[in-house]
Protein chains: 2
Amino acid sequence: MSTNWFSDNSGTMDNLNLIFSALSHETRRGILERLTLGESRLSDLAKPYDMSQTAVSKHVRILSDAGLVTVERRGRTRHCRLNAEPMKQATDWLIDYQAFWLNQFDSLARHLTNKED
Amino acid sequence: MSTNWFSDNSGTMDNLNLIFSALSHETRRGILERLTLGESRLSDLAKPYDMSQTAVSKHVRILSDAGLVTVERRGRTRHCRLNAEPMKQATDWLIDYQAFWLNQFDSLARHLTNKED
DNA sequence: AATTTAAAAAACCAATTGGTTCACTATTGG
DNA sequence: CCAATAGTGAACCAATTGGTTTTTTAAATT
């Protein structure tokens, strides 16, 4: 697919892999949702979950690797906050994709209903 | 996160896991992009890729499990086509999420610029 | 009927994921 | 200084992923 109309060969594909992969786990989506309410310490982030803080820390790391969360060290605590800009890459892919698909669907619908082609 | 404003407890989370996970691999996004051009046999789908047809078949299976592709058996060939409706779930999550985030950002911006709060 | 073709199934493998526990490093507070 | 707190790092584990090759099934072709 290297010569497809969608490709850009600018390294954003790798980002998309990381971003979609990060979004594919419920815990991580939960963390992101939580962070829309405002910045949070790691330990606070971990509280609602029935898993070790170490596990949550790993999830945060994955979000951070995907660029979706930034972690600022402040004393002995880590403060996480959203960085939604990279998320836009994912949204854009989906929107573009849907545009193409809807277009195709419209063509099909036009064809089936014989309205204007 | 079971009592979060985002949750719906209606099983769509599992779908989101499958959908985002399916989207997190370049080959699978490539297949979807290819399918926006129209339906395709599995063997044709596999041609551009430097991997076995079995591997591509597995990718298609993952897309199919996520509901993004439907496979119709026609004689000895399998014909794949898009089913973009489930994709809307992913788009909706991202859009909703961005809305919340942008909202938060606006609040922050207002606060920082001291314009109206 | 025999051969080729399309695709899945099965068995296998290395690498990754998602979790654990335990040890360690800082940092804060008494 | 000492104890408690916040967090990471390392080692470990079972399950999953992404690929392979080989086998099998079923349909099309000759």
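The structure presented is a predicted model; accordingly, all values stated were derived computationally and were not measured.
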Colleague: Looking at B/R73, does any N or O in its side chain come under 4.0 Å of the phosphate oxygens OP1/OP2 on C/dA8?
Modeller: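 For B/R73, the contact criterion (side-chain N or O under 4.0 Å from OP1 or OP2 of C/dA8) is not met.
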Colleague: Quick one: on DNA chain C, does A/R74 or A/H25 contact a more 5' nucleotide (nearest heavy atom)?
Modeller: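 With A/R74 and A/H25 compared, the 5'-side residue is A/H25.
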Colleague: Judged by atom type as modelled, is there a donor-acceptor pair below 3.5 Å linking the side chain of A/S24 to the main-chain atoms of A/S21?
Modeller: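 Such a contact is found between A/S24 side chain and A/S21 backbone.
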Colleague: Could you tell me how far apart B/F20 (CZ) and C/dT17 (C1') are, to the nearest whole angstrom?
Modeller: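 Atom-to-atom, B/F20 to C/dT17, this comes out as 19 Å.
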Colleague: Are A/F20 and B/I62 linked, directly or through intermediate hydrophobic residues, by side-chain heavy-atom contacts shorter than 4.5 Å (ILVMFWY only)?
Modeller: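 Unlinked, B/I62 and A/F20 end up in two clusters.
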Colleague: Under 4.0 Å from OP1 or OP2 of D/dA6: is there any side-chain N or O of A/T77 that close?
Modeller: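 No.
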Colleague: Give a yes or no on whether the backbone of B/G67 and the side-chain of B/N83 come within a donor-acceptor separation of less than 3.5 Å.
Modeller: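 Side chain of B/N83 to backbone of B/G67: a pair is present.
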Colleague: Side chain of B/L42 only, please: which of C/dA8, D/dG19, D/dG7 is the nearest?
Modeller: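 Of the candidates, C/dA8 comes closest.
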Colleague: Please determine whether residues A/Y97 and B/Y97 belong to a single hydrophobic cluster, defined as Ile, Leu, Val, Met, Phe, Trp and Tyr linked transitively by side-chain heavy-atom distances below 4.5 Å.
Modeller: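 A/Y97 and B/Y97: one cluster.
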Colleague: Is any side-chain N or O of B/R76 closer than 4.0 Å to OP1 or OP2 of D/dT25?
Modeller: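 Indeed not, no polar side-chain atom of B/R76 lies that close.
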Colleague: To the nearest angstrom, how far is B/R78 atom CZ from C/dT5 atom P?
Modeller: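 For the pair B/R78 CZ and C/dT5 P, the rounded distance is 17 Å.
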Colleague: Is the phosphate of C/dA7 approached by B/H79 (side-chain N or O, under 4.0 Å from OP1 or OP2)?
Modeller: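 Looking at the OP1 and OP2 atoms of C/dA7, neither is under 4.0 Å from any side-chain N or O of B/H79.
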Colleague: Between atom CG in A/N17 and atom C1' in D/dT17, what is the gap in whole Å?
Modeller: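 Rounded to the whole Å, the gap is 14 Å.
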Colleague: Checking B/W93 against B/Q98: is there a side-chain donor and acceptor pair closer than 3.5 Å?
Modeller: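 Checked: B/Q98/B/W93 side chains show no N/O donor-acceptor pair below 3.5 Å.
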Colleague: Are the side chain of A/R41 and the backbone of A/T77 linked by a donor-acceptor contact shorter than 3.5 Å?
Modeller: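 Pair absent, no side-chain N/O of A/R41 close to backbone of A/T77.
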Colleague: Take A/S21 and A/T54, find for each the nucleotide of DNA chain C with the closest heavy atom, and name the residue whose nucleotide sits nearer the 5' end.
Modeller: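 Its nearest nucleotide lies further toward 5', so the answer is A/S21.
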Colleague: Looking only at heavy atoms, which two atoms of B/A55 and B/M51 are closest? And how far apart?
Modeller: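 Nearest heavy atoms, B/A55 then B/M51: CB-SD, 3.6 Å.
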Colleague: OP1 or OP2 of D/dG18 sitting under 4.0 Å from any side-chain N/O of B/R28?
Modeller: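 Looking at the OP1 and OP2 atoms of D/dG18, one of them is under 4.0 Å from a side-chain N or O of B/R28.
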Colleague: To the nearest Å, how far apart are B/Q53 CD and D/dT20 P?
Modeller: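 From B/Q53 CD to D/dT20 P: 12 Å.
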Colleague: Between A/H59 and A/H25, how do the two ring planes meet: parallel, tilted or perpendicular, split at 30° and 60°?
Modeller: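 Because their plane-to-plane angle lies in the 30° to 60° range, the rings of A/H59 and A/H25 count as tilted.
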Colleague: Does B/S43 place a side-chain N or O at less than 4.0 Å from the phosphate oxygens OP1/OP2 of C/dA7?
Modeller: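 Answer is yes, contact under 4.0 Å.
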Colleague: Could you state the atom-to-atom distance from CG of A/D50 to P of C/dT20 in whole Å?
Modeller: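 Roughly 8 Å, once rounded to whole Å.
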Colleague: Quick one: A/M51 CE to C/dG19 P, roughly how many Å, whole number?
Modeller: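 Going from CE in A/M51 over to P in C/dG19 covers 4 Å.
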Colleague: Specify the residues of residues 64-71 of chain A, ordered by number, for which at least one heavy atom lies under 4.0 angstrom from an atom of DNA chain D.
Modeller: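 Those residues whose heavy atoms fall under 4.0 Å from DNA chain D, taken from residues 64-71 of chain A, amount to none.
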Colleague: Among A/R34, A/R78, A/R74, exactly one meets salt bridge (Lys or Arg N to Asp or Glu O under 4.0 Å) together with A/E39. Which residue is that?
Modeller: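 Testing each of A/R34, A/R78, A/R74 against A/E39, the sole residue satisfying salt bridge (Lys or Arg N to Asp or Glu O under 4.0 Å) is A/R74.
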Colleague: Taking DNA chain C as the partner, which of residues 55-63 of chain A come within under 4.0 angstrom of it by heavy atom?
Modeller: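 Here the set is A/A55, A/K58, A/H59, A/I62.
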Colleague: For the residue pair B/R61 and B/V71, establish whether any side-chain heavy-atom pair is separated by less than 4.5 Å.
Modeller: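 No. Closest side-chain heavy atoms not under 4.5 Å.
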